[in-house]
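Because only heavy atoms are used, hydrogens play no part in the values below, and waters and symmetry mates are left out as well, while side chains stay in. Residue numbers begin at 1 in each chain, while the letters A, B, ... track the order of the sequences.
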Amino acid sequence: MPELPEVESIRRSILPHVVGIRVATANLYRRDVLVAPGDPPGGFARQRSSAQRPKPVRVRPEHLLEGALITGVERRGKQLALIAELDGGGGGRALVVQLGMSGQFLHRAPGQELPDASHVHAEWMLKRGRRDAGRLVFRDPRRFGGLRAFATTELWTHWNGELGPDALLITPEQLAAAVAGSRRPVKALLLDQAALAGVGNIYADEALFKCGIRPDREAARLKPPEIVRLADEIRQTLAWAVEAGGSTLRSYVDADGNPGTFQLQHAVYGRGGEPCPRCGRTLRSGMLAQRTTVWCMGCQV
DNA sequence: AGGCGATCCTGAGGGC
DNA sequence: TGCCCTCAGGATCGCC
């Protein structure tokens with residue numbers, strides 16, 4: 001579900017609830033939703049059963065930051081990381097939340113219920129001193145998302161170093177480097193998190209429309225002025241979307257449960273068959289990089 | 001080596 | 001109402 005603007009909106013909304021707060025206890029309801037140190041490499045090892053466990057699964061408590069003091073919340077691309085410190089030194093740990101298509105990361109005040117408590121895979125009970133500070137909840141109906149535990153902040157930094165530069169701050173030079181020598185369609189490149197971190201299907205289509213570049217153009221054949229323009233439009237589109245609190249198509253809400261409003265400003269995403277907002281020609285819709293793609297034959301060359 | 005297709009899941013919405 | 005089909009904001013793996 002969420003792309004960079006939605007993840008950033010969650011980060012901002014969750015910060016005031018968690019910084020300086022201690023995780024009293026944490027519950028994990030499905031082991032396959034967590035990748036912890038020592039687990040086999042790769043993604044989340046899916047179990048066959050879809051039944052939610054009534055009882056928490058046992059894992060080493062520090063993996064879920066149990067007993068740790070939360071010191072920050074970081075984001076790289078679509079990855080969100082809780083940074084926390086256990087007592088007795090040893091530096092910080094990190095717990096990364098990947099939201100996939102349908103993930104939610106929510107804060108609930110004491111006594112505040114969830115609108116829908118199904119598909120809750122993990123929760124963290126929070127305390128400020130001895131006072132109840134509510135809880136954090138990870139929900140993800142489709143389970144394309146999950147959690148990754150890192151024993152040190154350096155391991156998290158090293159892991160996210162596999163990602164490309166953050167799309168909110170992408171420079172023309174960085175984009176030129178990503179594009180160089182790539183024969184794939186430019187949209188496929190934008191969706192590749194190792195090339196550029198944070199852009200997903202919505203914002204790829206929106207940014208390409210704004211700068212007048214067809215999504216199927218070969219990446220390496222973009223001209224220098226087009227690369228500059230594309231980098232500018234990526235940054236600006238994402239920044240505006242963050243200001244609007246992200247795009248809510250179906251289930252996205254921030255940590256406080258508030259939806260975003262940027263979907264009201266989508267020029268092309270989800271508008272195949274409608275008139276182009278700039279020239280009035282019918283917007284084309286097709287498949288590219290296995291994703292529905294919408295563009296204007298007139299405005300994008 | 002790099003890029004493509006299939007695959008992992010649940011739920012919403014449309015057609016009949 | 002119900003059933004069946006298609007589609008969805010993502011990312012990994014295996015194969016060519």
Side-chain angles (χ1 to χ4, degrees), chain A residues 1-10 30 32-33 35 39-52 76-80 96-105 115-121 138-148 159-160 162-164 167 178-207 216 218-220 237-238 241-242 244-254 259-266 268-273 285-294:
Chain A
M1 130 206 183
E3 306 181 30
L4 186 152
E6 292 74 37
V7 178
E8 178 63 15
S9 296
I10 291 172
R30 294 186 61 106
D32 62 355
V33 149
V35 175
D39 286 353
F44 305 105
R46 293 311 185 198
Q47 292 161 4
R48 227 56 186 117
S49 159
S50 62
Q52 189 174 316
R76 173 88 178 255
K78 305 172 192 173
Q79 314 295 318
L80 189 70
V96 171
V97 181
Q98 287 181 265
L99 295 163
M101 288 283 247
S102 58
Q104 296 181 325
F105 197 54
D116 182 352
S118 64
H119 304 291
V120 168
H121 307 311
F138 173 59
R139 282 191 78 226
D140 185 9
R142 291 179 76 181
R143 271 182 282 130
F144 288 178
L147 309 170
R148 306 187 102 98
W159 180 80
N160 78 31
E162 305 290 307
L163 299 172
V179 150
S182 172
R183 310 209 53 196
R184 350 153 58 172
V186 60
K187 176 172 176 181
L189 183 102
L190 297 184
L191 294 177
D192 182 349
Q193 302 301 296
L196 176 68
V199 173
N201 205 32
I202 296 176
Y203 300 103
D205 279 8
E206 292 296 312
D216 60 354
E218 189 180 313
T237 304
L238 294 175
V242 168
S247 300
T248 295
L249 301 179
R250 21 174 79 75
S251 60
Y252 166 73
V253 288
D254 72 9
T261 60
F262 195 72
Q263 68 281 1
L264 303 173
Q265 297 180 59
H266 291 170
V268 292
Y269 178 85
R271 298 189 181 279
S285 179
M287 279 304 225
L288 185 56
Q290 287 97 252
R291 313 299 295 278
T292 298
T293 300
V294 183

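- Residue A:D192 is the one, among A:R250 and A:D192, whose nearest nucleotide of DNA chain B lies closer to the 5' end (criterion: closest heavy atom).
- Taking atom CG of A:D32 as the reference point, atom P of B:dT7 lies 20 Å away to the nearest angstrom.
- Across the protein-nucleic acid pair, A:Q104 atom CD and C:dG10 atom P stand 16 Å apart, rounded to whole Å.
- Taking only side-chain atoms of A:E6, from C-beta outward, the nucleotide of C:dG9, B:dG3, B:dT10 with the closest atom is C:dG9.
- Heavy-atom minimum distance, A:E206 versus A:T237: CB-CG2, 4.1 Å.
- Between the P atoms of C:dT6 and B:dA6, the separation comes to 14 Å (whole Å).
- Contact annotation for A:S182: backbone-only contact, meaning every heavy-atom pair under 4.0 Å involves sugar-phosphate atoms and none involves a base.
- When every heavy atom of A:L189 is checked against every heavy atom of A:A178, the shortest pair comes out as CD1-O, 3.5 Å.
- Considering every non-hydrogen atom in both A:I202 and A:Y269, the closest pair reads CA-CD1, 3.6 Å.
- Within 4.0 Å (heavy atoms only), A:Y269 reaches sugar-phosphate atoms of the nucleic acid but no base atom.
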Before you tell me yes or no, could you show the steps for A:Q79 and A:Q193 under side-chain contact (heavy atoms from CB on, under 4.5 Å), namely the whole-Å CA-CA distance, both residues' side-chain angles and the distance that decides it to 0.1 Å?
CA-CA 10 Å; A:Q79 314 295 318; A:Q193 302 301 296; 5.9 Å; no
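- Among the nucleotides C:dC7, C:dA11, C:dG10, the one closest to any side-chain atom of A:T292 is C:dC7.
- Residues A:H119 and A:P141 approach most closely at CG-CA, 3.5 Å, considering heavy atoms.
- The base of B:dC9 sits within donor-acceptor range of the side chain of A:R142, with an N or O pair under 3.5 Å.
- Candidate nucleotides C:dA11, C:dG9, B:dG11 were compared by shortest atom distance to the side chain of A:H119, and B:dG11 ranks first.
- Between A:P141 and A:R183, it is A:R183 whose nearest contact on DNA chain B lies nearer the 5' terminus.
- Of the candidates B:dC4, C:dA11, C:dG9, B:dC4 carries the atom nearest the A:Q290 side chain, counting heavy atoms from C-beta on.
- Residue-nucleotide stacking is not present for A:F144 and B:dC9, judged by a side-chain ring centre under 5.5 Å from the six-membered base ring centre and planes under 30° apart.
- Pairing of C:dG2, defined by two Watson-Crick or G-U wobble distances under 3.5 Å, is identified with B:dC16.
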